[in-house]
Number of protein chains: 2
Amino acid sequence: MNTVIGSTATRVMDVAEALIQQRGYDGFSFDDVARAVGIRKPSVHHHFRTKADLVATLARRYTERFESSLAAIDTARRDPMARLEAYVLLFATTYAKDGRLCVCGMLGAEAAALPAQVADGVADFFRLNLDWLTAAFRDAQQSGRVTTTQGAEALAQLLLSALEGAMIVGRGGRSSVGPAAVGNHLLVCLSKQGR
Amino acid sequence: MNTVIGSTATRVMDVAEALIQQRGYDGFSFDDVARAVGIRKPSVHHHFRTKADLVATLARRYTERFESSLAAIDTARRDPMARLEAYVLLFATTYAKDGRLCVCGMLGAEAAALPAQVADGVADFFRLNLDWLTAAFRDAQQSGRVTTTQGAEALAQLLLSALEGAMIVGRGGRSSVGPAAVGNHLLVCLSKQGR
DNA sequence: GTCTATATACCGATAGAC
DNA sequence: GTCTATCGGTATATAGAC
């Protein structure tokens, strides 16, 4: 009996995900994953034929989990601003765990050097987020909680960019400021009260 | 007589800089640089003993050039909003050239896996930018062009994060939206007119 | 499903000739 | 300043035994 939770394939994805968030696609190897999981390198290949397979699968899982979180926010919150604040919290929670970056933020930076199937998965993540945020900002504007004349699509791009960028600036600048502070400051600026 | 402009060391840095902006620190090799410059791998080592030396030197040059650009903006523009718009243009110009990322944005994402001397250079870049932006936003607030109640330091973090993030979201999401659009939208939201 | 062993290629870096 | 040759290490990936 093994006390480690989850199948080997799941544990491989968990470890690879954390390594990508800290070091990027080119910054980790199958051997790194194998050591952390407690198996040998060829055993990793048994579960994922290539590195591209592993990361593409892992990116899809990441996006699906995000999709679930967005659905949960829609269910739990009615107020548009509360939904946007909950969205910021998704990024803040990731970053709070050892300064981990968004998986697709890290991969997005490396997109020009990624296998096509991985880059496709990254694009899907951003599309999902922008669509959800656009709807959320449209609601916020219609309810009068956000009064800028900017379009909802532009506000979605702005918030997503600010959150992804805050992780990188926070890490690179060794700052205590992260996506939580940056995201909430932006929401205050956009809301009626911030003026 | 050689028609290529600049010393070999300069050309090595130019090529390495472009490779970092497209692929990141772990995404290029001395051999890649050598081929592009038209020399052999050991000749690159003659100019820069290690990869860390090369990238740290290149990052310093990048920051110094940015510092010159900021000084030029201060000289050419008096209006605080015009200065901020010119700042956005610095990122937009970089991104407009084949979708290149900010050197220190890319390296910032990889910071956890970088040699110390490189990570130090990245932190210097962000510190320089945040200091300049903080002063610019303070001026903009004192002149009444920016009326949010948020502190200038927070607004500096917000704009820098939005610009760095816009490059990554634009690249990863294969979007036509980049730092120019995102940065200018933010400035409109923060300015008196945008309300 | 995991292992040992291995193929093949590339990495950063160095020695030493020209 | 550039080269050929090479070192030692590691990368992704596969073959085949258990």
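Below, read A as the first sequence line, B as the second, and so on, with proteins coming before strands; counting in each chain starts at 1.
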Exercise. Applying ring-ring contact (aromatic ring centres under 6.0 Å, His included), name anything that partners B:Phe91, two or more places apart in sequence or on another chain.
Key: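 B:Phe66, B:Tyr87.
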Self-check item: Strand contacts (DNA chain D) in residues 16-35 of chain A, 4.0 angstrom heavy-atom criterion
Solution: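 Those residues are A:Phe28, A:Ser29, A:Phe30.
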Quiz item: Which parts of residues 112-120 of chain A get close to DNA chain D, meaning a heavy atom less than 4.0 angstrom away?
Solution: none
Self-check item: Heavy-atom pair of closest approach, residues B:Thr148 and B:Gln141
Solution: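 Smallest heavy-atom distance, with atoms named: O-NE2, 3.3 Å.
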Quiz item: Can you name the side chain to side chain contact (heavy atoms under 4.5 Å, CB included) partners of B:Ser143, sequence neighbours left out?
Solution: B:Pro80, B:Arg145
Quiz prompt | Set of residues satisfying side chain to side chain contact (heavy atoms under 4.5 Å, CB included) with respect to B:Ala181, sequence neighbours excluded | solution = B:Val177, B:His185
Between side-chain atoms of residues 156-165 of chain B and protein atoms elsewhere (two or more places apart, or another chain), which donor-acceptor pairs fall under 3.5 Å?
from	atom 1	to	atom 2	distance (Å)
B:Ser161	OG	B:Gln157	O	2.8

Quiz prompt | CA sep, side-chain torsions, deciding dist, call: B:Val15, B:Phe28, side chain to side chain contact (heavy atoms under 4.5 Å, CB included) | solution = CA-CA 10 Å; B:Val15 165; B:Phe28 82 99; over 6 Å; no
Quiz item: In degrees, rounded to 10°, what is the bend between the two ends of the helix from C:dG1-D:dC18 to C:dC18-D:dG1, using five pairs at each?
Solution: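 Taking the rotation axis at each end, their angle is 0°.
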Quiz item: Taking atom P of C:dG16 as reference, at what distance in whole Å does atom NE2 of B:His45 sit?
Solution: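 From B:His45 NE2 to C:dG16 P: 17 Å.
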Could you tabulate the donor-acceptor pairs under 3.5 Å formed by side-chain atoms of residues 98-116 of chain A, not counting sequence neighbours?
from	atom 1	to	atom 2	distance (Å)
A:Arg100	NH1	A:Gln21	OE1	3.2
A:Glu110	OE1	A:Tyr25	N	2.8
A:Glu110	OE2	A:Tyr25	N	3.2

Using distance only, find each side-chain donor-acceptor pair of residues 35-44 of chain A under 3.5 Å and give its atom names and separation, not counting sequence neighbours.
from	atom 1	to	atom 2	distance (Å)
A:Arg35	NE	A:Asp31	OD2	3.3
A:Arg35	NH2	A:Asp31	OD2	3.2

Quiz item: Quick one: salt bridge (charged side-chain N to carboxylate O under 4.0 Å, His left out) partners of B:Asp131, sequence neighbours excluded?
Solution: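 Only B:Arg127 meet the salt bridge (charged side-chain N to carboxylate O under 4.0 Å, His left out) criterion with B:Asp131.
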Quiz item: Does the pair A:Arg60/A:Asp120 count as a salt bridge with the N-to-O cut at 4.0 Å?
Solution: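 Looking at A:Asp120 together with A:Arg60, the answer is no, because their closest N to O distance does not fall below 4.0 Å.
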Self-check item: Base-contact (B) and sugar-phosphate-only (S) positions in nucleotides 1-6 of chain C, heavy-atom cut-off under 4.0 Å, - elsewhere
Solution: BBBBB-
Quiz item: Quick one: side chain to side chain donor-acceptor pair (under 3.5 Å) partners of A:Ser68, sequence neighbours excluded?
Solution: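 Per chain and number, A:Ser68 pairs via side chain to side chain donor-acceptor pair (under 3.5 Å) with no residue.
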Quiz item: So, B:Arg171 and B:Gln22: side-chain donor and acceptor under 3.5 Å apart, yes or no?
Solution: yes
